[in-house]
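Here's the structure we're looking at; comments come further down.
Indexing begins at 1, ligand by ligand and atom by atom, following the structure's order. Side chains are part of it too, since the values below use all heavy atoms of this structure and drop only hydrogens, waters and symmetry mates. We're numbering straight along the sequence, starting at 1.
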Amino acid sequence: MAFPTETVYGLGANSLDAAAVKRIFLAKGRPSRNPVIVHVADVEQARRLVSCWPDAAERLARRFWPGPLTLVLPRLPMVPDVVTGGGPTVGVRMPAHPVALALLRKAALPVAAPSANSANFLSPTRAEHVLADLGDKVDIILDGGACPGGLESTVVDLSEMPPRLLRPGLVSREQLQAEIGPLAEAGPLMATQEAQEGALPAPGMLPRHYAPRTPTWLWETYQDALFAAATAQEQGRRAGVLRFGQAEPESLPGACKGDTPIAYLVLPCEPAEAARQLYDRLHHLDRAGLAELHIALPPDEPEWLAIRDRLLRAGQRGKK
Ligand code: TXA
Ligand code: MG
């Protein structure tokens, strides 16, 4: 069953039933070593899945739950291997969406749920995205409208000291550090090395993930993105541009060549609002029949970390 959370839609199953969780992997085409997050209705339910609940977990849960934060902790044996990717830890999160919470309370079970999309594809932030991607594989989709957060949860590993930020998200590194002190960072290089052996630390950190199907290039400036798109158009390849900033009232200079103008979308220059719209806009561009998509990245600054993280996995850097 797919259901809305405040971040993205999840594809859920009883986390204590290995066969049910395997069906999620099948529907997504997800590699079996990739662990899934277990969603809980309250802190007590989370504590029943883990072998220790350190002070840092207590502080973070008190401060950020229900909300977009996943805590990775040593698991108890009752959590099936398929949930943890065979690893010794389990990720737990109490979502803030009223539909997700109602479902969790009604089910009275911890619910394993990755994002409700085919492996490595864009996460869904509307029921329509789930329907278009997995409609033939999912029996029920609860439609809660657009997800208010729009970006997957922050994942922090508390099973080691110092705690490690595995995936940046709407709860920022600074907010986490204010509660529990310095965090170690798992850089993408480490992720790919570790990914070659054993359980993946957080496959959301793999170089290619969260990606549109349209070939996508990333640029540091709007001018470079626009130039690349205009070049593609001139060579007969329909191109799109996505940028962050103020929408321009008049038409784009040089954007209209022949009958097919460059598909052009602007996301807000405020990070939370941009996050809310990001996947929806990418889904939209991905359905537009483009040969190429050129994205001008937002600034390399802490408040844009989560969005840059996802975009840097959505495509490859363009070369001038
Ligand atoms: O916001 C979210 O987190 C959404 C909603 C549905 O809750 N879920 C989500 O799940 O994004 P998924 O499976 O698409 O991404 C979960 C990330 C992956 O990068 C996974 O590897 C990591 O969390 N993860 C889950 N359990 C883990 C564990 N025990 N150790 C390390 N990483 C873990
Ligand atoms: Mg995902």
**Prompt:** Can you name the one residue among Ile140, Leu142, Leu11, Val130 that meets side-chain contact (heavy atoms from CB on, under 4.5 Å) with Phe3?
**Reply:** Leu142
**Request:** Before signing off on this row, confirm whether Tyr210 and ligand 1 have an N or O atom pair separated by under 3.5 Å.
**Result:** no
**Prompt:** For atom 4 (C) of ligand 1, which candidate among Thr154, Val8, Thr5, Asp157 holds the nearest heavy atom?
**Reply:** Val8
**Asked** Can you find an N/O atom of Arg93 closer than 3.5 Å to an N/O atom of ligand 1?
**Response** yes
**Message:** On the six-membered ring of Tyr210, is Arg313 placed so that its NZ or CZ lies under 6.0 angstrom from the centre and within 45° of the ring axis?
**Reply:** no
**Prompt:** Evaluating non-hydrogen atoms only, which member of Pro35, Pro88, Pro95, Gly12 is closest to atom 24 (N) of ligand 1?
**Reply:** Pro35
**Asked** Can you check ring pair (Phe, Tyr, Trp, His ring centres under 6.0 Å) on His294 and Tyr264, steps first, answer last?
**Response** CA-CA 10 Å; His294 295 275; Tyr264 178 66; over 10 Å; no
**Request:** Counting heavy atoms only, name the option from Val72, Leu170, Ile37 that's nearest to atom 16 (C) of ligand 1.
**Result:** Ile37
**Message:** Which option wins on minimum heavy-atom distance to atom 13 (O) of ligand 1: Arg33, His97, Arg30, His39?
**Reply:** Arg30
**Complete:** In ligand 1, the atoms that come under 4.0 Å of a heavy atom of Thr7 are 1 (O), 2 (C), 4 (C), 5 (C)
**Asked** For ligand 1, which part of Thr89 has a heavy atom less than 4.0 Å away: the side chain, the backbone, both, or neither?
**Response** both
**Asked** Is the side chain of Ser115 donor-acceptor paired with the backbone N or O of Gly10 at a distance under 3.5 Å, no angle test?
**Response** no
**Prompt:** When you check the gap from the basic side-chain N to the acidic O, do Glu220 and Arg308 get nearer than 4.0 Å?
**Reply:** yes
**Message:** Tell me the contacting part of Arg75 for ligand 1: side chain, backbone, both, or neither, using a 4.0 Å heavy-atom threshold, strictly below.
**Reply:** neither
**Prompt:** If you measure only the distance, is there a donor-acceptor pair under 3.5 Å linking the side chains of Glu292 and Trp217?
**Reply:** no
**Request:** For the Mg ion (ligand 2), decide whether Ser123 has an N, O or S atom at a distance under 2.8 Å.
**Result:** no
**Prompt:** Could you state the interatomic distance from NZ (Lys22) to CG (Asp81), rounded to the nearest 0.5 Å?
**Reply:** 9.0 Å
**Per-residue contact class, Thr84 against ligand 1 - non-hydrogen pairs under 4.0 Å** = neither
**Asked** Phe121 ring centre to Arg213 NZ or CZ under 6.0 Å, with the angle to the axis within 45°?
**Response** yes
**Prompt:** Below 3.5 angstrom, do we get any N/O pair linking Arg167 and ligand 1?
**Reply:** yes
